[in-house]
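Count residues from 1 along the sequence. These numbers were taken from a predicted model, which means no experiment stands behind them. Read the numbers this way: they start at 1 and go in the same order the structure lists the ligands and their atoms. FYI, side chains are in, hydrogens and waters are out, and symmetry mates aren't considered; it's all heavy atoms of this structure.
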Amino acid sequence: MCTPENQTSTWFDEYQKGVRYGLEGQILVDEKSKYQRITIIDSKRYGKALLLDNCWMTAEQQEKHYHECLVHPALSGALEIKRGLIVGGGDGGTAKECLRYKEVEHLDLVEIDEHVIKLSQKYLPTIGGNAWQDPRLQINIEDGIKWTKHAGNEVYDFVIIDSSDPKGPAKGLFNETFIRDCKRILRPGGIFAIQSESPESFLKIHLDIIRLVKKIFQFADPIYGWVPMYPSGWWSWTFASMGKPHYLHPHSKRVNAISQDCIIWSSKWQKGAFEAMPAFIERALK
Ligand code: SPD
């Protein structure tokens with residue numbers, strides 16, 4: 001069936017460079033916060049879904065494709081994972097994956113837009129799951145750039161940037177000063193993780209992020225996977241560390257504890273994803 005089943009249904013599209021990425025559904029919320037337009041729809045295919053400024057962020061039946069790949073290479077490989085920071089991540093999916101590790105004692109979630117958290121808790125409760133009630137989670141409504149700038153040296157075992165695309169409130173999260181602060185606040189053996197966009201739909205942004213992270217950290221590598229609702233469906237996440245590429249060496253005890261509840265991530269998948277760099281990206285990064 002290559003035509004709409006029902007010509008009267010409502011389609012919600014993200015437009016990127018002459019292509020549109022759409023889901024069919026019903027609108028539940030459409031409001032403007034101080035920072036952005038927040039839209040939540042009930043989609044036919046992927047359950048309830050969130051858009052910020054008309055760009056797809058997540059959906060109930062897509063979120064694990066994204067959050068598992070952002071979180072587990074970092075948390076399965078870092079030397080210690082007692083104390084972590086998430087910048088962004090207001091839907092709660094990244095926090096939920098982090099808090100699956102019993103070793104995590106304290107997790108700071110720093111989200112600039114309280115409305116994203118409130119609406120996600122109300123309309124997308126399965127994405128954050130138990131994270132919202134977990135006493136290890138501290139929610140801070142603040143600008144992640146300021147938070148990171150004022151944090152002490154070497155205070156986190158992992159730092160995860162779960163942002164929207166680099167425009168509007170997220171623009172400064174792809175900037176050298178911010179990423180240098182992220183490195184400064186990481187403890188030895190710690191891992192930095194950032195969503196690094198699509199190698200197809202956002203090639204320049206994708207290459208710029210990898211180049212920047214490589215310039216700042218001793219070791220940095222992207223993985224490639226898929227989030228079918230995002231532009232092109234082809235996505236990437238970049239990991240970095242000092243001393244050695246800790247993210248390439250998952251601890252088997254953690255892998256065994258986490259894998260059974262993952263739908264995409266496993267240590268085998270991760271190994272392949274780090275190898276899955278397309279030839280044109282490899283050439284561009286030389
Ligand atoms: N173009 C989509 C980029 C969104 C990446 N972040 C999504 C946030 C999910 N927690």
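- Glu63 does not count as a contact of ligand 1, since none of its heavy atoms falls under 4.0 Å from the ligand.
- For Ser163, the closest heavy-atom approach to ligand 1 falls below 4.0 Å.
- Under the 4.5 Å side-chain heavy-atom criterion for grouping Ile, Leu, Val, Met, Phe, Trp and Tyr, Phe192 is not connected to Leu207 through any hydrophobic cluster.
- Under a hydrophobic-cluster definition in which Ile, Leu, Val, Met, Phe, Trp and Tyr are linked whenever side-chain heavy atoms come within less than 4.5 Å, directly or via other members, Ile205 and Leu285 are assigned to different clusters.
- Contacts between Tyr230 and ligand 1, counted as non-hydrogen atom pairs separated by less than 4.0 Å, involve the side chain only.
- Less than 6.0 angstrom separates the ring centroid of His72 from the ring centroid of Tyr101.
- Atoms of ligand 1 found under 4.0 Å from any heavy atom of Trp56, numbered from 1 in the order shown, are 1 (N), 2 (C).
- Residues Tyr46 and Leu50 are members of separate hydrophobic clusters, defined by side-chain heavy-atom contacts under 4.5 angstrom among Ile, Leu, Val, Met, Phe, Trp and Tyr.
- Taking the six-membered ring for Trp and the full ring otherwise, Phe274 and Tyr224 have centroids separated by 6.0 Å or more.
- Listed by number with element, the atoms of ligand 1 under 4.0 Å from a non-hydrogen atom of Asp91 are 8 (C), 9 (C), 10 (N).
- Aromatic pair Tyr230/Trp235: ring centres closer than 6.0 Å.
- Ligand 1 lies less than 4.0 angstrom from a heavy atom belonging to Trp235.
- For ligand 1, the polar-atom distance check against His67 finds a nitrogen or oxygen pair separated by under 3.5 Å.
- Where the criterion is an N or O separation shorter than 3.5 Å, residue side chain and backbone included, Asp165 meets it with respect to ligand 1.
- Considering both main-chain and side-chain atoms, Asp162 comes within under 3.5 Å of ligand 1 through a nitrogen or oxygen pair.
- Looking at Cys55 against ligand 1, nothing comes within 4.0 Å, counting heavy atoms.
- Under a hydrophobic clustering in which Ile, Leu, Val, Met, Phe, Trp and Tyr are joined whenever their side-chain heavy atoms come within less than 4.5 Å, directly or via other members, Phe158 and Ile223 fall into the same cluster.
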